[in-house]
Number of protein chains: 2
Amino acid sequence: MQKATAEKSDPIAAQLAPVGRETVQDRVYLELRRALIGGLFEPSQVLTIRGLADALMTSTMPVREALGRLITEKALEALPNRSVRVPPITLERMDDLLRARTLIEGEAIALAATRMTSRQIATIEAMLGEWDEMRALKHKKDVDREVTLNQAFHFEIYRACGSAVLIPMIESLWLQSGPCIRVAIYAFSDAGEVDTAHYHRTIVKAIAAQDAKEARDALVADISRPFAFLRSKLEAEAKEGMSV
Amino acid sequence: MQKATAEKSDPIAAQLAPVGRETVQDRVYLELRRALIGGLFEPSQVLTIRGLADALMTSTMPVREALGRLITEKALEALPNRSVRVPPITLERMDDLLRARTLIEGEAIALAATRMTSRQIATIEAMLGEWDEMRALKHKKDVDREVTLNQAFHFEIYRACGSAVLIPMIESLWLQSGPCIRVAIYAFSDAGEVDTAHYHRTIVKAIAAQDAKEARDALVADISRPFAFLRSKLEAEAKEGMSV
DNA sequence: TTATTTGATTTGTGATCACACTTGCATTGA
DNA sequence: TCAATGCAAGTGTGATCACAAATCAAATAA
């Protein structure tokens, strides 16, 4: 019995879960992904291989490969100096990202709206409740939790679209817009919280009714908001920079 | 004068082109990309780091990093055995890829249709002529050249859409559908050539007229064809497999 | 003959090292 | 005082090695 595959005849194997063998590189990659989507790095911040390796308590090898992967999906940027940084925010890039996100995530939610099972719908409804719960005790604004919950809500829907091609593209888009979004949420967290829950409720309602068009519209409104916030902030800063 | 930046005041610097410093890893990555889009690897083929390193005449280091990057953009697939292969063809994946491509490339060409300068339009018109030229001496069917020219034509248009976010996504989609397309072209190269030129002419005409909708429709028809070919081939094989 | 086991080879992963380039700072010169 | 020079620390890249896991083939047992 040298085989690695679990055999039904083995009564012990049936009780054991496969232990999995994820590599250090994968852990580093996923950790950096999490940090980027969560906005833990700020735009234009420069990252060094050895610095990250120290922080993550590994050698440079897994880090450099993870950085390379993040650069190819445009989550990070390779400077001509060969140093790498998280891409800076510009108005053009924001608009570009928003257009791509409405296009692709809109398509994904339209597909999901006609495919989600009642069980899946129940899951995102439960998330709605979790959201209200968090908002109830809003004495401390827990931006991290807010971001995480928002991500979980959206991807629970996207997963249901059934497209193995669209979902990675959406993840890439979130990776790219993560740093921007965090800046927007920080700047407008008070104004943002209320509306987010409202839009999410609209989305759930539309999906429950299997109304693809309504779901898409609600989603577009949801993801457009932080971009609009950020845009107004950037424009204000630009104007201020002019006058000073 | 230690500075690396070219200075206008220096009469010598004005005549020298920057030498550039692309890494071995980049060359390996681009070479593998080219091979994948061109369909030089066949679906389900397994690739080894040391094998590629020998073929490319480098050490394993640049190759493994390039493979990692290609895996993150789904151009290659990491098996649980930790070996990597080019993804196999399935009907579901084909439909998935086609849907994503019509969605995103359709949007890109619609944007390009309203933005292309007369100079850019002249460029793709010239490509049309090149296509006819190649078809004129079709005694030997040069599939490589056909694939290359087709790619150049499409990306000349996509580049004009002005979206730094959409273009890399399109490249990723071509990377993923490259192996499938090559199989389709090989199987139906005789039937394919004529129509390709026709659709490309329609596309150019629509763009020249700045008709975004017509351009999108023509593009969708163009990229749907090889997928439809491949689909009929796969279905035929599946039926054959049933009866045998 | 067929199934299992054993051993040799191949393969991916991570660590370490050498080298070249960049960057920052102190020193030197006008 | 200010710019240019030179040195030192830091950083990315590629090569090589050690190790564990996987694969394949021959040998053995049923």
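Throughout, a chain's letter reflects where its sequence line sits, starting with A, and its residues are numbered from 1. FYI, side chains are in, hydrogens and waters are out, and symmetry mates aren't considered; it's all heavy atoms of this structure. These numbers come from a predicted model, not from an experiment.
- Interface residues of residues 71-82 of chain B facing DNA chain D, ordered by number: B:Asn81; criterion, heavy-atom separation under 4.0 Å.
- Although no hydrogens or angles enter the test, the distance criterion places no donor-acceptor pair under 3.5 Å between the side chain of A:Ser172 and the main chain of A:Pro168.
- A:Arg115 places a side-chain N or O within 3.5 Å of a backbone atom of A:Cys161 that can act as its donor or acceptor partner.
- Nucleotide C:dT11 holds its P atom 13 Å from the CG atom of B:Leu67, rounded to whole Å.
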* Asked: Does the salt bridge (Lys or Arg N to Asp or Glu O under 4.0 Å) test come out yes or no for A:Glu171 and A:Arg33, once each step is laid out?
  -> CA-CA 10 Å; A:Glu171 288 177 351; A:Arg33 256 178 98 94; 3.0 Å; yes
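- Between A:Arg50 atom CZ and C:dA18 atom P the separation is 13 Å, expressed in whole Å.
- Straight-line distance from the OH atom of B:Tyr29 to the P atom of D:dG14: 15 Å, rounded to whole Å.
- Side-chain atoms of A:Thr117 come within 3.5 Å of backbone atoms of A:Gln120 as a donor-acceptor pair (strictly under, hydrogens ignored).
- The side-chain hydrogen bond (donor to acceptor under 3.5 Å, both in side chains) test applied to B:Gln25 returns B:Glu65, B:Arg69, not counting sequence neighbours.
- Of the residues in residues 51-63 of chain B, those with a non-hydrogen atom less than 4.0 angstrom from any atom of DNA chain C are B:Met61.
- At a threshold of 4.0 Å, the pair A:Asp96-A:Arg93 does not count as salt-bridged, since none of the basic side-chain nitrogens sits closer than that to a carboxylate oxygen.
- Between its opening and closing five pairs, the helix from C:dT1-D:dA30 to C:dA30-D:dT1 changes axis direction by 0°, a value rounded to 10 degrees.
- Remark: B:Glu73 does not engage A:Lys74 in a salt bridge, criterion side-chain N to carboxylate O under 4.0 Å.
- At least one donor-acceptor pair closer than 3.5 Å links the side chain of A:Thr123 to the backbone N or O of A:Arg119.
- Applying the ring pair (Phe, Tyr, Trp, His ring centres under 6.0 Å) test to B:Phe153 and every residue at least two apart in sequence or in another chain returns B:His200.
- Summarising the geometry, the separation between CZ on A:Arg85 and C1' on D:dG12 is reported as 17 Å, rounded to the nearest angstrom.
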Review item, side-chain donor-acceptor pairs of residues 76-83 of chain B, under 3.5 Å, at least two apart:
residue: B:Glu77; atom: OE1; partner: B:Arg85; partner atom: NE; Å: 2.8
residue: B:Glu77; atom: OE1; partner: B:Arg85; partner atom: NH2; Å: 3.3
residue: B:Arg82; atom: NH2; partner: A:Arg21; partner atom: O; Å: 2.6

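- The distance from atom CD1 of A:Ile49 to atom P of D:dG14 is 11 Å, rounded to the nearest whole Å.
- Whole-Å rounding puts the A:Glu65 CD to C:dT13 P distance at 8 Å.
- On a pure distance criterion of 3.5 Å, a polar donor-acceptor pair joins the side chain of B:Arg64 and the base of C:dG14.
- Other residues, nucleotides and ligands contribute only 12 or fewer heavy atoms inside 6.0 Å of the CD atom of B:Glu42.
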